[in-house]
Amino acid sequence: MPYKDPEKRKEKQRIYGQRHREKERLRRRAMTPEYKEYQRRYREKNRDKARQTTRQWRNTEHGKNKILLNKYGITLKQYNEMLDKQLHACAICKEPEYQTLRGKAKQLSVDHDHKTGQVRGLLCQRCNTTLGRYKDDPFVWINFVSYLGSVE
């Protein structure tokens, strides 16, 4: 037993209970319409600070993981495994991402089926937008291939 002294154990439980109650209180407060309105007004007044905070959060491992989970249902670990499996290149053109943002190459986009939500692979910006533009229609792609075959 980690606590031989019952008084120490009671004190530890009391501290844990206080922390848990405080976290629960904050979680409930964040769900109220009044608090959401307060947040909206704060962001309007402090737009630059709020954007900077959001950017910093998105660049953390926790932020990236949360975004991938919410949008595509995959974790950052799964994304990195797919990236390694694809040799850090696009699944279609086999080229690394060509677009940059603030001097760094952008991450490959997560390609997914919009009907089922299933993730198919990682694509560069060019392939992802091309695929999206033609709405994953195989008939269009067959026409592309036949057109390219007929041109001399």
Side-chain angles (χ1 to χ4, degrees), residues 1-138 140-141:
M1 186 164 155
Y3 297 105
K4 292 182 181 178
D5 184 11
E7 291 303 315
K8 279 188 178 179
R9 183 171 181 222
K10 282 182 183 178
E11 180 62 19
K12 198 74 166 169
Q13 286 175 333
R14 187 185 63 74
I15 292 170
Y16 172 81
Q18 283 177 341
R19 265 197 238 130
H20 181 72
R21 281 190 295 278
E22 179 63 16
K23 282 167 70 174
E24 185 64 21
R25 186 185 67 76
L26 291 172
R27 188 184 69 77
R28 284 194 181 134
R29 183 186 78 178
M31 295 168 61
T32 63
E34 295 84 20
Y35 189 72
K36 287 182 180 182
E37 178 62 23
Y38 163 76
Q39 285 180 320
R40 187 187 65 74
R41 279 181 291 162
Y42 175 84
R43 286 192 184 105
E44 281 178 2
K45 287 180 194 173
N46 304 292
R47 185 165 291 187
D48 292 336
K49 186 177 180 181
R51 284 181 180 165
Q52 182 182 7
T53 304
T54 302
R55 265 191 223 113
Q56 287 173 345
W57 177 80
R58 282 183 181 154
N59 289 330
T60 64
E61 193 170 315
H62 175 72
K64 289 176 185 178
N65 194 44
K66 219 40 167 164
I67 291 167
L68 286 170
L69 268 173
N70 288 342
K71 276 188 165 182
Y72 308 109
I74 63 170
T75 63
L76 183 58
K77 183 179 177 187
Q78 290 171 318
Y79 177 90
N80 289 330
E81 287 170 359
M82 289 171 68
L83 196 59
D84 289 340
K85 189 176 174 183
Q86 290 181 204
L87 304 174
H88 294 260
C90 174
I92 294 175
C93 69
K94 309 298 184 210
E95 294 286 326
E97 180 61 76
Y98 72 98
Q99 284 197 342
T100 58
L101 182 67
R102 295 184 197 94
K104 289 184 180 178
K106 288 177 73 176
Q107 289 187 329
L108 292 173
S109 302
V110 178
D111 176 42
H112 64 288
D113 187 333
H114 286 265
K115 292 176 187 161
T116 65
Q118 186 169 359
V119 173
R120 295 185 282 220
L122 305 176
L123 304 179
C124 68
Q125 190 72 28
R126 179 178 30 224
C127 292
N128 193 36
T129 53
T130 302
L131 193 60
R133 184 172 288 132
Y134 297 106
K135 296 178 178 60
D136 304 340
D137 186 358
V140 173
W141 297 104

Taking all non-hydrogen atoms of both residues into account, name the closest pair between [X] and [Y] and its distance.
X    : Y   : value
G73  : Q78 : O-OE1, 4.2 Å
C127 : C90 : SG-SG, 3.7 Å
N59  : K64 : O-CE, 3.7 Å

About how many Å separate [atom2] of [Y] and [atom1] of [X], when rounded to the nearest 0.5 Å?
X    : Y    : atom1 : atom2 : result
N128 : H112 : CG    : NE2   : 9.0 Å
K66  : T60  : NZ    : OG1   : 11.0 Å
K10  : E7   : NZ    : CD    : 5.5 Å
R41  : K45  : CZ    : NZ    : 6.5 Å
R47  : R51  : CZ    : CZ    : 5.5 Å
N46  : Q52  : CG    : CD    : 11.5 Å

Lys/Arg-Asp/Glu bridge criterion (N-O < 4.0 Å) met for R40, E37
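Result for this pair is yes, salt bridge flagged.
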Do [X] and [Y] come close enough that some side-chain heavy atom pair is under 4.5 Å?
X    : Y    : result
T75  : L69  : yes
Y79  : L122 : yes
S109 : Q125 : yes

Is it the case that over 12 heavy atoms from other parts of the model lie below 6.0 angstrom from the CD atom of Q13?
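It does: Q13 CD has more than 12 such atoms within range.
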How about CD on E61, more than 12 heavy atoms from neighbouring residues, nucleotides or ligands closer than 6.0 Å, or not?
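Result for CD/E61: open.
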[X]: what forms a side chain to side chain contact (heavy atoms under 4.5 Å, CB included) with it, not counting sequence neighbours?
X   : value
Q18 : R14, R21
T54 : R58
D48 : none

Partner of V119 by side chain to side chain contact (heavy atoms under 4.5 Å, CB included), out of D111, I74, D113:
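Exactly one pass, corresponding to I74.
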Parallel, tilted or perpendicular, judged at 30° and 60°: which one describes the rings of Y16 and H20?
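Ring orientation, 0 to 90° scale: parallel.
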